[in-house]
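Note sheet for the following structure.
Worth saying up front: this structure is predicted, and the values here are computed from it rather than measured. In this chain, residues are counted from 1 in sequence order. Read the numbers this way: they start at 1 and go in the same order the structure lists the ligands and their atoms.
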Amino acid sequence: MFTGSLLAVLAVLPLLAEAASSSPSRIWPWTRTPQEKRQTKALGAVLAGQQDLSTYYSLIKQYPDILLQLPNFAGVTLIAPSNEAFNNSHEWNPDNATLVTNLLQYHILTGTVNTAALVAGPSTLQRTLLTNKAYTNVSSGQNVVVAKQHDDLTVLTSGLGTRSTIIEPDIAFTGGFIQMVDTLLIPPVRLEITARDAYKELTAFLGALYSTGLAEEISNMPNITILAPRNTAFQSISSSLSALSESSLRDVLKYHIIPNNVIPSSGFLNGTTLSPLLGKESKIFITQIGNNLYFNRAQMLQADILLANGVLHMIDNVLSQNASDTRPDEESKTQPPVFAQTGLTSTGTRHPVPYTSFLPCTTEGCPVSTSTTESSLTAKTTVVSTRSSSALAGRVTGLGMAVVGMGMGMGVMGVV
Ligand SMILES: *[C@@H]1O[C@H](CO)[C@@H](O)[C@H](O)[C@H]1NC(C)=O
Ligand SMILES: *[C@@H]1O[C@H](CO)[C@@H](O)[C@H](O)[C@H]1NC(C)=O
Ligand SMILES: *[C@@H]1O[C@H](CO)[C@@H](O)[C@H](O)[C@H]1NC(C)=O
Ligand SMILES: *[C@@H]1O[C@H](CO)[C@@H](O)[C@H](O)[C@H]1NC(C)=O
Ligand SMILES: *[C@@H]1O[C@H](CO)[C@@H](O)[C@H](O)[C@H]1NC(C)=O
Ligand SMILES: *[C@@H]1O[C@H](CO)[C@@H](O)[C@H](O)[C@H]1NC(C)=O
């Protein structure tokens, strides 16, 4: 049985070598000299020589079919967790074929990522082989966020804000590169869980979706981009919002959803427009001023938060379809909301967060309190540290940051 699997792997390895050498369209940075290419070894030989990747290698041998699915691209990138990364994740069963197959597929990027050729700065999204609908509704392949930091380390961000640092970069094999990481990638999960367990600044937006009956529809819709105002944005205009009818509020929320298009932060182009789910020819206008990106006049705060069905960008104000002609004032550091700020507005987690009473309760002690997000959203799983709000700058947080075990990631994937 084991020998059979090993033979299958060995049979696949020449395929990989061929995919690499016969492809006519080499994508830069696929620029190896013929001599370098002769020195590059096949995957099996490279993995066998990497002590810290023995767990990964044994999984690949146990599930050789994954390699058969490798597309005929100019190259692929295998994200290979170190033995320690596997040791640190628990509650999973290496003999669960469905689980391991989907997880390993999420660890294969379609295209070569050579960290030596990356420029420090904004993040990009890289497509993976994960397409199984039980695990993702990004139909062209779920994504991983790749960002090279100014200290030269490259960090991959996956579901629930999990950060995996590449600790041994650019290990070449005949089919592309292996990137050794210190933490397993977690396939992105649904908005409900992402907001509950990792990005608590999104609970007002999620609560508003529940209050208008949109939550499930939005979370099941394939290939979407969400512009989600943070809690403070809802707090600061809570009187204006509560004056809206339910159908007006639903329209406001639909104006924040871009259907049929997973748009990474790198895909927002100055002076272009987006077509929201609201329809009726509504548009959102994109402005870039320096490094700041604005939707109408709301500023992007945190880019590229991955969801099971697309990507979410956090913004600092609630958008209104009736104010689509507002633009940022270049002279001003912050832009005012487009809704009136009437009455006393208290922001921050110590103050009531609008709409959080609509969130379904997840533990005993329901009904949930409306006063703080912390008390109303006690997650049934370990809470992941939220990222700093300066994610655009790609702050270094070191190896200790990503604390999620794979068991947790799988547990919240909605399949257990
Ligand atoms: C992983 O765990 C095994 C079994 O507990 C142990 O023998 C091994 O040294 C650990 N490896 C690393 C890299 O932590
Ligand atoms: C994908 O969408 C379908 C509905 O079309 C839903 O049943 C499934 O749970 C979704 N998958 C994920 C991972 O959210
Ligand atoms: C936008 O304008 C329409 C028509 O005047 C109104 O019904 C709706 O409530 C307004 N929505 C918002 C968010 O102001
Ligand atoms: C999702 O997007 C991909 C490409 O971005 C496209 O090929 C696919 O048809 C889309 N699926 C749906 C259901 O919109
Ligand atoms: C974006 O477009 C506006 C209007 O054309 C222009 O003033 C601004 O400089 C552009 N921003 C960038 C970063 O190029
Ligand atoms: C495999 O893992 C999935 C996801 O965690 C779970 O739903 C399924 O029941 C597991 N199957 C077995 C045979 O343990």
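- Using a 4.0 Å cut-off to heavy atoms of T136, the atoms of ligand 2 that qualify are 13 (C).
- Taking the ring axis of Y57 as reference, the NZ or CZ atom of K61 stays within 45° of it and closer than 6.0 Å to the ring centre.
- Donor-acceptor pairing under 3.5 Å is lacking for the side chains of D251 and Q321.
- The NE2 atom of H256 sits 4.5 Å away from atom CD1 of I315, with the distance rounded to the nearest 0.5 Å.
- With respect to D329 and R297, no salt bridge is recorded, no charged nitrogen being found less than 4.0 Å from a carboxylate O.
- Residues D304 and S123 have side chains that bring a donor and an acceptor to within less than 3.5 angstrom of each other.
- In terms of protein heavy-atom proximity, atom 4 (C) of ligand 3 is closest to N322 ND2, 4.6 Å.
- Listed by atom number, the atoms of ligand 3 under 4.0 Å from F339 heavy atoms are 13 (C).
- Here the shortest heavy-atom distance to atom 6 (C) of ligand 2, taken over N309, N220, N132, belongs to N220.
- Closest heavy-atom contact between I108 and V76: CG2-CB, 4.4 Å.
- Remark: ligand 2 and S219 share no N or O pair separated by less than 3.5 Å (distance only, no angle test).
- The shortest N/O to N/O separation between N137 and ligand 2 falls below 3.5 Å.
- Near A134, meaning under 4.0 Å from one of its heavy atoms, ligand 2 places the atoms 13 (C).
- Interface atoms of ligand 3 facing S248, defined by a heavy-atom separation under 4.0 Å, are 8 (C), 9 (O).
- Every atom of ligand 3 is numbered from 1 in the order shown, and the set under 4.0 Å from a heavy atom of V252 is 13 (C).
- Less than 6.0 angstrom separates the ring centroid of F268 from the ring centroid of H313.
- For ligand 6, the atoms closer than 4.0 angstrom to any heavy atom of N96 are 1 (C), 2 (O), 3 (C), 8 (C), 10 (C), 11 (N), 12 (C), 14 (O).
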